[in-house]
**Student:** 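Questions regarding the structure given below will be posed in turn.
Please read all numbers here as calculations on a predicted model, not as lab measurements. Lettering follows sequence order; numbering is per chain, from 1.
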Amino acid sequence: MSDPVKLIEPRTLKGFRDYLPELMIPREWMLEQARRVYRSYGFAPIDTPALEYAEILLGKGGEESDKQIYRFRDSGDRDIALRFDLTIPFARFAAQYIGELGTPFKRYHMGPVWRGENIQRGRYREFWQCDFDTIGTTSNAADIEVSLVIHDLMRGLNLDRFVIHVNNRLVLNGLLEELGLAGHTAPLLRALDKLPKIGRDGVLAEMAANTGVAAAQADRLLALAQTSGSNQDILARLKSDFGTNPKAADGIRRLEELLAAATKAGIPDGMIVLDLSIARGLDYYTGTVYETFLTDMPKIGSVCSGGRYDNLAGLYTKQHLPGVGASLGLDRLLAALEELKLLKGTATPAPVFIVQFTAERIGDYQRMARVLRAAGIGAEVFPDAKKLGQQFQYAEKRGHKIALIAGPDDFAAGTWNVKDLAKREEKKGVPDAEVAAFVRSLLPV
RNA sequence: GUGGGUGUAGCUCAGUUGGUUAGAGCUCCAGAUUGUGGAUCUGGCUGUCGCCGGUUCGAGUCCGGUCAUCCACCCCA
């Protein structure tokens, strides 16, 4: 006996995941839906490299995101980094090609991004984003369209229990300006955001500690943020309190128009809500901001977020390239759907399973499989002539919908037995030429 | 990066004040059932008790470290 081979433990990096068929089938389906919805609005596909020069990516999203960027030296000693999101590479891309693309330009981009942060449920170090953006226009029509795309995207993914939260940085900035707090925007908004967790007094304490603002100012800010009620109620309150500030007025107008247009376009009431606490997002957002939460799992975080950035490509070109867009967090949403048990659990993309009753007839089984495939129906022939029970168990485990069975007697008669695996109902004696049509009638449209 | 919980078979877990050959259910495999799968019965496989070290006559059990995972902070998809 030789020494046992030292086995390498099979494992994946922290925060990186493998996808088995049960998860990859719905994941691919989600990508198809996102692609379909984006294309239906005229967004065109692009792709960019996973690796960029570090200088392209660093310093664009804020200090926190810089810390999370995977950065290396390649073998040519170049300072390179894995992309942190798809928006920054798009800014570089747009600056490079806008001359031939022309404006406005609408693109979608789906691919993996990497963030070296601590992992949590729905939070990974490698995950896919599905971005769509319109650049080259400041028109509010583009902002409005983003909310429609998010809605259609979620509906396209068979979800109806979600809420799109919108806000506008102009409103927040104008509001802080009006209060004379413009210099403390970031810490104030961060404190404000904790309202549900640490309460009114906690927020006031944090504001005082981090910014030294007067209690009266902080109080006024808090009072506004706590305004509850319908979108109309909040808009009215904003207008009366801060409508005289030019920035705030512009933001309020854009939000009001967005909400009205969305309703007019057919988005159901309650699916888009004005939420003044949606203040965060990356540093480059300047206008409308969006976050989408699942009603049944809000704690997993936003599954589709974005906003308007009026100067994104400014670091790479002197041409002014405003834009607005959002990003579907594919893997976070998948994790949520998995936990909510909304995934079907199919492990095969082929609905039809053909039993190998007898090895001598393998040619006939493969012929029928090809007939079905030609009819657009995926079909798989079992590789071994095992006992029928075992083959059925395999087919059931994999999630095949239909089984075809034919033995010597059936071949003599020129017929097949077609079995609905879920219902356990079998139609015997289906003529060879009619099998495809019959199978089609059993499958969902 | 900080704080806390958890790590025993493929999965979910039990394991009594540290004591000898570490268990259950489910799954899986085979058979009862050589033209038909969710039930039942019979038999069977599976563990460096996350890893490393320490205390001890003796550690799955106690201690330290480490890794992984979950939760909170932070940030975000």
**Student:** Taking the six-membered ring for Trp, does F127(A) stack with A77(B) (centroid gap under 5.5 Å, planes within less than 30°)?
**Tutor:**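 Stacking between F127(A) and A77(B): present.
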**Student:** Could you check whether the side chain of K419(A) and the base of U36(B) have a donor-acceptor pair of N or O atoms closer than 3.5 Å, going by distance alone?
**Tutor:**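 Such a pair exists between side chain and base.
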**Student:** Does Q390(A) make a side-chain N or O approach to OP1 or OP2 of G37(B) shorter than 4.0 Å?
**Tutor:**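 No, no such contact exists.
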**Student:** Of all the nucleotides listed (U36(B), A72(B), A77(B)), which has the minimum atom distance to the side chain of I405(A)?
**Tutor:**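 Per side-chain heavy atoms of I405(A), the pick is U36(B).
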**Student:** Determine whether any donor atom in the side chain of E426(A) lies under 3.5 Å from an acceptor atom in the base of U36(B), or the reverse, and answer yes or no.
**Tutor:**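 By the distance-only test, yes, there is a pair.
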**Student:** Report yes or no: does S302(A) contribute a side-chain atom to a donor-acceptor pair with the main-chain N or O of E291(A) at less than 3.5 Å?
**Tutor:**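 Checked: no pair found.
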**Student:** Which whole number of Å gives the distance between the C1' atom of A22(B) and that of C13(B)?
**Tutor:**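 The same atom, C1', in both gives a distance of 14 Å.
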**Student:** How many whole angstroms separate atom OH of Y124(A) from atom C1' of U69(B)?
**Tutor:**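 Rounded to whole Å, this separation is 12 Å.
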**Student:** Which base, if any, makes a Watson-Crick or G-U wobble pair with G31(B), both distances under 3.5 Å?
**Tutor:**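 Check on G31(B): paired to C41(B), both distances under 3.5 Å.
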**Student:** Specify the separation, in whole Å, of atom CZ of R125(A) and atom P of A77(B).
**Tutor:**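 Going from CZ in R125(A) over to P in A77(B) covers 17 Å.
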**Student:** If we call it a pair only when both distances are under 3.5 Å in a Watson-Crick or G-U wobble match, what pairs with A68(B)?
**Tutor:**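 The answer is U6(B), by the H-bond criterion.
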**Student:** Suppose you measure atom P in U61(B) against the same atom in C49(B); what distance do you get, rounded to whole Å?
**Tutor:**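 After rounding to an integer number of Å, I get 10 Å for this pair.
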**Student:** For K67(A) and C74(B), give me the distance from atom NZ to atom P, rounded to whole Å.
**Tutor:**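 Distance check: K67(A) NZ to C74(B) P gives 13 Å.
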**Student:** Calculate the interatomic distance between D18(A) atom CG and G10(B) atom C1'; express it in whole Å.
**Tutor:**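 So the two atoms are 16 Å apart, to the nearest Å.
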**Student:** In whole angstroms, how far is the C1' atom of C28(B) from the CD atom of Q393(A)?
**Tutor:**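 Result: 11 Å.
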**Student:** Do the numbers put R398(A) on top of the ring of F353(A), so that NZ or CZ is under 6.0 Å from the six-membered ring centre and no more than 45° off the axis?
**Tutor:**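 Not flagged: R398(A) not positioned over aromatic ring of F353(A).
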**Student:** Taking the same atom, P, in C62(B) and in G15(B), what whole-Å distance lies between them?
**Tutor:**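 Rounded to whole Å, the distance is 12 Å.
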**Student:** What's the closest nucleotide to the side chain of K299(A) if the choices are C71(B), C76(B), U69(B)?
**Tutor:**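 Among C71(B), C76(B), U69(B), the one nearest the side chain of K299(A) is C71(B).
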**Student:** Go through the N and O atoms of the side chain of N118(A) and the base of U2(B), and report whether any donor-acceptor pair is under 3.5 Å.
**Tutor:**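 Result: at least one qualifying N/O pair found.
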**Student:** Answer yes or no on whether K419(A) is positioned over the face of F392(A), meaning its NZ or CZ is under 6.0 Å from the six-membered ring centre and within 45° of the axis.
**Tutor:**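 Cation-pi check for K419(A) and F392(A): passes.
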**Student:** Decide, yes or no, whether a salt bridge links R367(A) with D432(A) under the criterion of side-chain N to carboxylate O below 4.0 Å.
**Tutor:**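 Answer for the salt bridge query: yes.
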**Student:** To the nearest angstrom, how far is Q120(A) atom CD from U6(B) atom C1'?
**Tutor:**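 Answer to the nearest Å: 15 Å.
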**Student:** Please tell me which of the listed nucleotides, U34(B), A77(B), G35(B), lies nearest to the side chain of D409(A)?
**Tutor:**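 Output: G35(B).
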**Student:** Grab the CD-P distance between Q356(A) and U36(B) for me, whole Å please.
**Tutor:**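 Computing the Q356(A):CD to U36(B):P distance gives 17 Å.
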**Student:** Is a donor-acceptor pair below 3.5 Å formed from side chain R115(A) to base C76(B), judging by atom type as modelled?
**Tutor:**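 Result: no qualifying N/O pair found.
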**Student:** Paired with C62(B) by Watson-Crick or G-U wobble geometry, both distances under 3.5 Å: which nucleotide is it?
**Tutor:**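 C62(B) is paired with G54(B).
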**Student:** Distance check needed: C76(B) C1' versus F84(A) CZ, whole Å only.
**Tutor:**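 Those two atoms, CZ and C1', are 7 Å apart.
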**Student:** Starting the side chain at C-beta, find the nucleotide from C76(B), G37(B), C71(B) nearest to R424(A).
**Tutor:**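 For R424(A), the side-chain atoms sit closest to G37(B).
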**Student:** Can you label the angle between the F43(A) ring and the F132(A) ring as parallel, tilted or perpendicular, going by 30° and 60°?
**Tutor:**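 F43(A) and F132(A): perpendicular rings.
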**Student:** Is any side-chain N or O of K428(A) under 3.5 Å from a base N or O of U36(B), one able to act as donor and the other as acceptor?
**Tutor:**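 Present.
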**Student:** Check T138(A), D143(A), T134(A) against R308(A) for a side chain to side chain donor-acceptor pair (under 3.5 Å) and give me the one that passes.
**Tutor:**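 Single side chain to side chain donor-acceptor pair (under 3.5 Å) partner of R308(A) among T138(A), D143(A), T134(A): D143(A).
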